Asks: 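Before I ask anything, here is the structure I am working with.
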Number of protein chains: 2
Amino acid sequence: MNDKMELTPLTERFVLHFGEMGSRWGVNRTVGQIYALLFIAPEPLNADEIAETLGFSRSNVSMGMKELMSWRLARLLHRPGDRREYFEAPKDIWEIFRTLAEEKRKREIEPTLSMLRDALLEIPQTDNERHAQARMREMHELIEMATVWFDEVQRLSPETLEGLMRLGAKVQKVLGFTDKLRGKD
Amino acid sequence: MNDKMELTPLTERFVLHFGEMGSRWGVNRTVGQIYALLFIAPEPLNADEIAETLGFSRSNVSMGMKELMSWRLARLLHRPGDRREYFEAPKDIWEIFRTLAEEKRKREIEPTLSMLRDALLEIPQTDNERHAQARMREMHELIEMATVWFDEVQRLSPETLEGLMRLGAKVQKVLGFTDKLRGKD
DNA sequence: ATGAAGTTTCAAAAATTTCTGAAACTATAG
DNA sequence: CTATAGTTTCAGAAATTTTTGAAACTTCAT
């Protein structure tokens, strides 16, 4: 009934790799493999096809899809005359890049920023606290600056961004030169 | 004997936060907490002080330090007339930022790049494989470009970088404007 | 309303990761 | 060389995370 999308050695390697890397990227094996599969699939897949292809239980796939959707790395769609839910990965790789950056920021950076903001409001009571707070302030400033900057870069269109990156090498040369003149690095 | 560096509510909150976030950042609670403690400590600490302050076993701290050193987020030093090993976190927050980016790239990006390079050398046997490979090529190109660019940015001195980031807002406005003229986003 | 097709939830099993204490190891002072 | 202060390793215990199957739920066509 379900066309278990066959994995060739080539595609299997890709899928397994994403499964293994998953833990380093903060998702589990199931989620990593599902994403990889959707990424290379020429057509949207339904949950049963995914489960069968990857050899996971149906419920595991359901959990995994929930997680992938929360990362906005998969979207849901329906085919006319078919009640099942189909999934696909966003096609545009720049869009994926942005989405990922946004989500990572929300989950991995924002909570820390807000903890730091709170901590910086307290009145330090001892020398140690004063020192600790000064360090926290440095950290806060760097993160804030980096995220503001990243925001701005992110708002650029892929074309512009691509251009900027290609330009990067040149900018770097000039700046690297002035750095040397000023005796830094 | 060991001056268990007392944690005040302020510093404790910081340390516990890093412990909790650890898992999202790819390290365990112990490692997260140790790093936070070293980061705000006004003086280098020895392993026993760390273990006592945080309430971890001595061996757990030993493992944690090994991991932190492998991330280059802690360095070892000795005090005259004291045989114990002392640890401190790098002070310069820009340096930390770079180190982290380098290590993350080595662990989270390079393996994928090399898998992709291999996969792209294969001759696709079917339509599905041809499609999969095309997707992989897109992914490979994006990652490659992003890392090359990041490399370059990373080579800049903190001062230059800081200046560039502050400049960012202006660049963005100009570019955003041209984008609009060209009808992109 | 009923039932068939599909999806989600959830408690428990399986797997993995983290943490510990004891033993092994290392280096140095005497 | 020996005793001691310190560090690392490692096998098992504890904790956490992942995965599953069965039951509950939802939706829609009849």
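Letters A, B, ... mirror the listed sequences (proteins, then strands); counts begin at 1. Because the structure is predicted, anything quoted here is derived from the model rather than measured.
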Asks: dT19(D), OP1 or OP2 - any side-chain N/O from R29(A) closer than 4.0 Å?
Replies: yes
Asks: In whole Å, I'd like the distance from the CE atom of M65(A) to the P atom of dT7(C).
Replies: 11 Å
Asks: Is any side-chain N or O of K66(A) closer than 4.0 Å to OP1 or OP2 of dT7(C)?
Replies: no
Asks: Can a salt bridge be assigned to the pair R79(A) and E43(A) using a cut-off of 4.0 Å between side-chain N and carboxylate O?
Replies: yes
Asks: F150(B) versus R105(B): any side-chain heavy-atom pair under 4.5 Å?
Replies: no
Asks: Under 4.0 Å between a Lys/Arg side-chain N and an Asp/Glu carboxylate O for E108(B) and K104(B)?
Replies: yes
Asks: If you only use heavy atoms from C-beta on, which nucleotide in dC10(D), dT28(C), dA5(C) is closest to the side chain of R83(A)?
Replies: dA5(C)
Asks: Quick one: is dT8(C) close enough that its OP1 or OP2 comes under 4.0 Å of any side-chain N or O from S62(A)?
Replies: yes
Asks: What is the separation between atom CD on E52(B) and atom P on dG6(D), rounded to the nearest whole Å?
Replies: 13 Å
Asks: Name the one of F18(A), W71(A), Y35(A) that satisfies ring-ring contact (aromatic ring centres under 6.0 Å, His included) with W25(A)?
Replies: F18(A)
Asks: Any side-chain N or O of N60(B) below 4.0 angstrom from OP1/OP2 of dT18(C)?
Replies: no
Asks: Would R75(A) pass as a cation-pi partner of F87(A), given that its NZ or CZ must be under 6.0 Å from the six-membered ring centre and within 45 degrees of the axis?
Replies: no
Asks: What is the distance from CG of L68(B) to P of dT18(C), rounded to the nearest Å?
Replies: 14 Å
Asks: Whole angstrom is fine here: how far is it from CG in D48(A) over to C1' in dG6(C)?
Replies: 8 Å
Asks: Rounded to whole angstrom units, what separation is found between the CE atom of M63(A) and the C1' atom of dA12(C)?
Replies: 12 Å
Asks: By nearest heavy atom, map S23(A) and Y86(A) onto DNA chain C; which one lands nearer the 5' end?
Replies: Y86(A)
Asks: May I ask you to verify if any side-chain N or O of N28(B) is less than 4.0 angstrom from the OP1 or OP2 atom of dT17(C)?
Replies: no
Asks: Measure CG/L54(B) against C1'/dT18(C) and give the value in whole Å, please.
Replies: 15 Å
Asks: Counting just side-chain N and O atoms, does T30(B) come under 4.0 Å of either OP1 or OP2 of dT18(C)?
Replies: no
Asks: Can you tell me which nucleotide in dT20(D), dT20(C), dA5(D) comes closest to the side chain of S57(B)?
Replies: dT20(C)
Asks: Given dT28(C), dC10(C), dT8(D), which nucleotide is nearest the side-chain atoms of E85(B)?
Replies: dT8(D)
Asks: Can you tell me the distance, in whole Å, between the CD atom of E67(B) and the C1' atom of dT17(C)?
Replies: 12 Å
Asks: OP1 or OP2 of dG6(C) less than 4.0 angstrom from a side-chain nitrogen or oxygen of R58(A), does that happen here?
Replies: no
Asks: Is the phosphate of dG6(C) approached by R84(A) (side-chain N or O, under 4.0 Å from OP1 or OP2)?
Replies: yes
Asks: Take atom CG of D82(A) and atom P of dA4(C), then tell me their distance rounded to the nearest Å.
Replies: 19 Å
